[in-house]
Amino acid sequence: SLSRHTDEKSVRLSSISSAGDASLKSSQSLGLISSDGDHYMVPIIFGRPDFATEVRNIGKARPGHNIHLYICANDTVVQGLQDVATVCNLHAKADTLKNGIEAQEYIVHYERFG
């Protein structure tokens with residue numbers, strides 16, 4: 001169990017497994033529990049994220065706002081996210097034509113190291 005102390009209410013971090021055992025599974029998540037017992041769930045997924053689904057859902061949750069992707073990763077991840085942004089831009093243009101909503105743009109920013 002990890003704890004973090006601040007001037008605000010302290011929070012306790014605990015591991016919660018949906019499988020109910022101590023082994024590490026992809027379904028395991030990390031929950032933030034406030035001192036008054038409320039649970040603030042922070043989803044943790046092990047493995048490679050489904051960037052296409054995640055990025056598109058972020059855009060859908062923020063219509064009318066451009067989505068900026070800031071990437072610090074290897075060339076493969078950068079290329080994958082550039083492809084995701086291209087597809088998301090196509091979906092955003094289709095949504096604009098279909099629903100007349102304000103155009104949304106997915107913009108990629110990245111750094112290369114080495």
*If you take all heavy atoms of A85 and V108, which pair is closest and at what distance?*
CB-CG2, 3.5 Å

_Pairwise side-chain contact, R56 with V87, heavy-atom cut-off 4.5 Å (strictly under)_ = no

*Say whether V77 and I58 are linked into one hydrophobic cluster, either directly or through other cluster members, by side-chain heavy-atom distances under 4.5 angstrom.*
yes

*At what distance, to the nearest 0.5 angstrom, does CG of N66 lie from CD of E102?*
8.0 Å

*asked:* According to ring pair (Phe, Tyr, Trp, His ring centres under 6.0 Å), does anything in residues 70-105 pair up with another residue at least two apart or in another chain? List the pairs.
replied: Y70-H109

*Identify the two heavy atoms, one from Y106 and one from N89, that lie closest to each other, and give their separation to 0.1 Å.*
N-OD1, 2.7 Å

*Among D83, T76, D75, which residue meets the side-chain hydrogen bond (donor to acceptor under 3.5 Å, both in side chains) test with Q79?*
D83

*Does a sphere of radius 6.0 Å around NE2 in H68 hold more than 12 heavy atoms from other residues, nucleotides or ligands, not counting ones at 6.0 Å or beyond?*
yes

*May I ask you to decide if C88's main-chain N or O and Q104's side chain share a donor-acceptor pair within less than 3.5 Å?*
no

*What pairs with A52 under side-chain contact (heavy atoms from CB on, under 4.5 Å), at least two apart in sequence or on another chain?*
D50, V84

